[in-house]
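Presented below is the structure to which this report refers.
Letters A, B, ... mirror the listed sequences (proteins, then strands); counts begin at 1.
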2 protein chains.
Amino acid sequence: MAQTKNNNREITASEWEVMRIVWTLSGATSHQLIESLSEKMAWQESTIKTLIRRLEEKGFLNREGASRPFRYQATLSEQEGINLQVDRLFDNLCAMHIGPTLIRLVQQHELSQADLATLASTITEKAPTAPETVPCNCLTNCQMTENNGGCQHDEAK
Amino acid sequence: MAQTKNNNREITASEWEVMRIVWTLSGATSHQLIESLSEKMAWQESTIKTLIRRLEEKGFLNREGASRPFRYQATLSEQEGINLQVDRLFDNLCAMHIGPTLIRLVQQHELSQADLATLASTITEKAPTAPETVPCNCLTNCQMTENNGGCQHDEAK
DNA sequence: AAAGATAATTTACAATTGTAAACTTTAGTC
DNA sequence: GACTAAAGTTTACAATTGTAAATTATCTTT
């Protein structure tokens, strides 16, 4: 019996490929997944079946349909899935480095007029209450002492 | 003998914690790492030593000093490490979802005046050449056919 | 130089992940 | 209804990761 909840487990890199197809097609049969991924990823069909099963067990895919060619549906939206991965990453970055990281991402990726506009207004909204600087939050309370050299982080650039 | 190059291997979640401390302190001894992480992560000292060794093997840490309390130095800067992780993630996101994802990140995180200003000008620079929309690039050539339901992605929101 | 304290290396072991073969069941077809 | 093809389930197995104990080597201090 497939899980209904995604037990706080993670979507791995390989599994992510499966999810992408499911999201793109708004649900897919194993046949479709095998077709797409055996080519794109050079995986054997067995591999793809395993990934589907694991995603079901983890609660990220639900099987639907009564008779055999079942369909697999994502239990979260693509944006939710992305948020999951992105937050897991950003929650482990030094606060001081998030700004430069976002700047780089904005520079590096192609964004639509609309997205740029939204970004611009978001920035305008945040500006009035933005702090002068965002300090490093790596070591809780920056409990560094003299004998360990202190928090060098503030000198980072 | 420790690797000099990071053989295109990854920094895992646990290893990342070690790197953060090394970066924050601009290099650290195993003693410092154990002090910091045994508390923060509730790890045994042995665990931390293993992580240090693996990071050395992967080429992300270099040991320096001639006599015993060695120091471990990162072979890449924190920003480079972050870029590595961030790119690994963003390279596997549907292009169409990157805009909304960045908007959300900018909203969600505290950014300094300076970072907001840089972001703003970056946006201004990009605007003139920004496309009306950024299409989904999930399925290479979107080689979806009628019998698989076609690329539903363009309808995503 | 012997002991004791530190630091580093080896060994360990279960869980997860990547990858897949083998086997079983079921939907269609003759 | 028997056969076959497609779909789904079980089993497998090595590599990586998380976590750590045991062992060995090296400073430091009597």
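- Residue side chain B:S30 does not reach the base of C:dA7 through any donor-acceptor N/O pair under 3.5 Å, judged by distance alone.
- Nearest to the side chain of A:Q44, among C:dA21, C:dG18, D:dT19, sits C:dA21.
- Between the CG atom of A:L61 and the P atom of D:dA7 there is a distance of 17 Å, rounded to whole Å.
- Remark on DNA chain D: of its neighbouring residues B:P69 and B:I48, the 5'-side contact belongs to B:I48, judged by nearest-heavy-atom nucleotide.
- The CD1 atom of A:I52 sits 15 Å away from the P atom of C:dA20 (whole-angstrom rounding).
- Note on A:S14: a side-chain N or O is less than 4.0 Å away from OP1 or OP2 of C:dG18.
- Phosphate proximity of D:dG18 to B:T12: present, with a side-chain N or O under 4.0 Å from OP1 or OP2.
- Judged by distance alone with a 3.5 Å cut-off, no donor-acceptor contact links the side chain of B:R53 to the base of C:dT9.
- Side chain of A:E35 to main chain of A:Q32: no donor-acceptor pair is present (N/O by atom type, distance under 3.5 Å, no hydrogens or angles).
- A residue-by-residue look at A:A66 and B:Y72 shows that B:Y72 has its nearest nucleotide of DNA chain C further toward the 5' end.
- Salt bridge B:R54/B:E15: absent, no basic N to carboxylate O contact under 4.0 Å.
- The CD-P distance, from B:E15 to D:dT16, rounds to 12 Å in whole Å.
- When the C1' atom of D:dT17 is taken as reference, atom CD of B:E10 falls 11 Å away, rounded to whole Å.
- Cation-pi geometry between B:R63 and B:F70 is satisfied (NZ or CZ under 6.0 Å from the ring centre, within 45° of the ring normal).
- For B:S121 (side chain) and B:T118 (main-chain N/O), a donor-acceptor pair under 3.5 Å exists by modelled atom type.
- Nucleic acid contact class of B:T50 (heavy atoms, under 4.0 Å, all strands): base.
- As rounded to whole Å, 18 Å separates atom P of C:dT17 from atom CE of A:M41.
- Between B:L51 atom CG and C:dA8 atom P there is a gap of 15 Å when expressed in whole angstrom units.
- One cannot find a donor-acceptor pair under 3.5 Å joining the base of D:dG8 and the side-chain atoms of A:R63.
- Residue-to-nucleotide contacts include no donor-acceptor pair under 3.5 Å from the side chain of A:R54 to the base of D:dT10.
- Under 3.5 Å, the side chain of B:R68 and the base of D:dA25 form at least one donor-acceptor pair of N or O atoms.
- Atom C1' of nucleotide D:dG18 and atom CD of B:E57 are separated by 15 Å, given to the nearest angstrom.
- Side chain A:S67 to base C:dA27: no donor-acceptor pair is found below 3.5 Å.
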Subject >> Verdict with reasoning, B:Q107 to B:R104, per side chain to side chain donor-acceptor pair (under 3.5 Å) >> reply: CA-CA 5 Å; B:Q107 279 166 175; B:R104 179 166 168 280; over 6 Å; no

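- With rounding to whole Å, B:K49 atom NZ is found 8 Å from C:dA8 atom P.
- Note on A:T47: a base of the nucleic acid sits closer than 4.0 angstrom, heavy atoms only.
- For the side chain to side chain contact (heavy atoms under 4.5 Å, CB included) with B:I82, the lone residue among A:N92, A:L89, A:L93 that qualifies is A:L93.
- Contact annotation: A:H31 side-chain N/O to D:dA6 OP1/OP2 distance is not under 4.0 Å.
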